[in-house]
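In what follows, chains are A, B, ... by sequence order, proteins preceding strands, each numbered from 1. It should be emphasised that the depicted structure is a prediction, and the values quoted were computed from it without experimental measurement.
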Protein chains: 2
Amino acid sequence: MTSSPSALLGALDPTSDRAVFRQIADHLREAIDKGRFTEGAKLPSEAELVEHYGVSRMTVRNAISILQGEGLVHAEHGKGVYVRPRPPVRRLASDRFARRHREQGKSAFTVEAEAAGSRPEVDQLEVREERPSQDIAARLGGARKVLVRRRRYLLDGRPVEFASSYLPLDLARNTPIAQPNPGPGGIYARLEELGHRLERFEEEVRARMPAPAEVKTLRLAAGVPVIHLIRTAYDTEGRAVEVCDTVMAADAYVLAYQLPAI
Amino acid sequence: MTSSPSALLGALDPTSDRAVFRQIADHLREAIDKGRFTEGAKLPSEAELVEHYGVSRMTVRNAISILQGEGLVHAEHGKGVYVRPRPPVRRLASDRFARRHREQGKSAFTVEAEAAGSRPEVDQLEVREERPSQDIAARLGGARKVLVRRRRYLLDGRPVEFASSYLPLDLARNTPIAQPNPGPGGIYARLEELGHRLERFEEEVRARMPAPAEVKTLRLAAGVPVIHLIRTAYDTEGRAVEVCDTVMAADAYVLAYQLPAI
DNA sequence: CACAGCTACTCGTATAGACGAGTGGGGGAG
DNA sequence: CTCCCCCACTCGTCTATACGAGTAGCTGTG
């Protein structure tokens with residue numbers, strides 16, 4: 001016998017013109033915000049909420065779906081509705097492409113994850129030649145064919161990021177970059193060995209709700225947006241030598257940048 | 001008499017184990033992606049979809065609510081469900097805090113918006129003294145009281161950003177910074193006049209779904225995340241002189257950064 | 001012609017009920 | 001005692017219905 005939700009949740013206000021399911025959502029949200037339900041805690045079941053508020057089940061489900069859309073809770077079939085724990089975030093430092101980080105044997109992702117005590121994995125690696133989209137082609141200065149490297153990154157078994165790198169084919173073909181494992185320091189190290197000394201990166205950051213394919217690939221919970229990052233790498237001659245298109249689970253990342261006050 | 005949706009939408013697959021409302025959502029999403037419904041176009045009404053698929057209205061509404069959660073469509077009471085137009089985005093360039101931009105009379109937001117042909121407004125301006133949250137205090141090096149400047153930014157009447165600046169009180173009290181209008185070049189110009197020459201900014205970027213208050217302030221549609229940006233400004237002595245906490249409508253912004261390849 | 005009101009259409013909210021499917025615990029069979 | 005099955009509980013899907021409320025166009029009245 002679980003204790004009645006009445007101890008934690010108030011009563012509806014029949015005089016309010018706020019819809020009943022919104023009032024219920026408000027109650028639950030407030031209870032979560034105030035710590036009456038902590039991370040990982042189980043909310044009252046739909047049946048209990050129906051009983052407590054004296055409304056129909058669809059009304060209760062409607063309320064819960066609001067909280068799901070806000071990313072506050074997630075439902076587990078057959079078990080219950082739980083307050084979503086905030087997963088540990090991975091901080092992308094602004095110096096993550098500093099040359100000194102490339103001197104080591106492992107990839108930046110691996111080194112950084114292990115330093116943070118997480119278990120890194122790379123997954124779904126795919127290397128192929130393609131005709132680029134108009135956008136990618138334009139960013140690469142009009143390349144007509146590109147080498148694409150796709151891969152998925154996981155932390156402790158959880159997918160957190162899916163990235164596609166595009167390189168002009170004339171630059172990458174028949175080089176270690178076209179190998180699944182490009183070697184220590186990653187493709188940036190190889191690019192520099194090939195004579196393309198990197199000068200700067202440009203990053204564009206957007207946020208949006210994920211497409212269904214992204215929900216699947218990143219195993220995203222309801223109410224989790226994605227950060228869409230497009231990075232272009234330029235060499236010292238001003239040529240765009242790589243475009244990396246990355247989709248990240250927004251609840252797993254915080255991006256950090258340093259801006260000089262010129 | 002509107003034309004039947006049958007011309008644009010397929011039929012359900014009864015052998016599929018995908019839920020009916022998901023199949024309907026898939027159909028509509030595909031039709032939108034393929035341009036059979038363009039931006040601003042009206043989807044078939046709930047009644048028409050009920051008729052077309054032979055399902056109950058709740059099932060159709062369930063399907064539509066998926067698309068709303070993805071930010072693809074929005075419903076207008078009494079009118080219909082429309083494909084969400086992508087609003088013009090404001091690009092925040094990485095040099096937006098360059099000193100040369102402060103030399104002019106107007107604020108960065110105003111100058112930039114007018115250059116882009118939009119009508120900028122600043123709104124809900126509030127200046128007050130407060131005890132900072134633990135997080136803000138830590139970022140400001142342990143300040144116990146701060147001056148807070150809050151304001152909302154609008155483009156062409158649409159709220160796009162809500163920002164709060166926090167400055168150590170000992171630094172900002174009885175200066176033009178404590179005035180509602182701090183004068184040409186904004187508070188960064190005033191800080192430099194006060195002897196705090198700015199050296200660098202640190203920005204942290206997160207994305208998440210908005211809290212209800214943010215939905216209201218930014219008049220956010222369903223399925224639009226927010227970008228949460230926290231910027232700390234440091235002077236040449238390494239002191240944190242301002243923290244700016246900004247919440248932006250994610251569909252209105254793209255952030256651009258330049259990273260040197262050191 | 002102008003305008004008020006009716007009406008048909010739209011989505012919003014809410015009810016009551018049914019069945020399906022995943023989970024976990026308790027009790028009975030071996 | 002161990003294992004398996006069943007049952008109770010959970011959320012997931014779907015139907016059918018009802019009324020409320022916003023919108024827009026048509027129509028009849030003044």
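In this structure, the side chains of V148(A) and V127(A) stay at 4.5 Å or more apart for every pair of heavy atoms.
A salt bridge (charged side-chain N to carboxylate O under 4.0 Å, His left out) check over residues 202-213 of chain A, counting only residues at least two apart or in different chains, returns the pairs R96(A)-E203(A), R139(A)-E204(A), R200(A)-E202(A), E203(A)-R231(A), E204(A)-R206(A), E204(A)-R91(B), R208(A)-E214(A). Residue pairs meeting the salt bridge (charged side-chain N to carboxylate O under 4.0 Å, His left out) criterion with at least one partner in residues 117-126 of chain A, sequence neighbours excluded, are R119(A)-E121(A), D123(A)-R152(A), E126(A)-R150(A). For residues 14-23 of chain A, the salt bridge (charged side-chain N to carboxylate O under 4.0 Å, His left out) pairs, not counting sequence neighbours, are R18(A)-D26(A).
Considering only residues two or more places apart in sequence or on other chains, H228(A) meets the ring-ring contact (aromatic ring centres under 6.0 Å, His included) condition with none of them. Looking at residues two or more places apart in sequence or on another chain, you find a ring-ring contact (aromatic ring centres under 6.0 Å, His included) between F109(A) and Y153(A). Here Y53(A) pairs with H27(A) under the ring-ring contact (aromatic ring centres under 6.0 Å, His included) rule; sequence neighbours left out. In this structure Y257(A) satisfies the ring-ring contact (aromatic ring centres under 6.0 Å, His included) test together with Y257(B), sequence neighbours excluded. Here A221(B) pairs with R84(B), V224(B) under the side-chain contact (heavy atoms from CB on, under 4.5 Å) rule; sequence neighbours left out. The side-chain contact (heavy atoms from CB on, under 4.5 Å) search around A25(B) returns R29(B), A63(B), I66(B), L67(B), not counting sequence neighbours.
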Could you write nucleotides 17-25 of chain D as a row of B, S and -, 5' to 3', where a protein heavy atom under 4.0 Å of any base atom gives B, of only sugar-phosphate atoms gives S, and otherwise -?
-> -B-BBBSS-

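Toward the 5' end of DNA chain C, the nearer of the two residues K42(B) and V55(A), judged by each one's closest nucleotide, is K42(B).
Residues from residues 17-31 of chain B lying near DNA chain D, meaning a heavy-atom separation below 4.0 Å, are A19(B), V20(B), F21(B), R22(B) in numerical order. DNA chain D is contacted by T59(B) of residues 59-73 of chain B, taking any non-hydrogen atom closer than 4.0 Å.
Atom pair Y82(A):OH and dC11(D):C1' shows a separation of 11 Å (rounding to whole Å applied). Rounded to an integer number of Å, the gap from CD of E46(B) to P of dT13(C) is 11 Å. As a whole-Å value, the separation of L12(B) CG from dT15(D) C1' is 15 Å.
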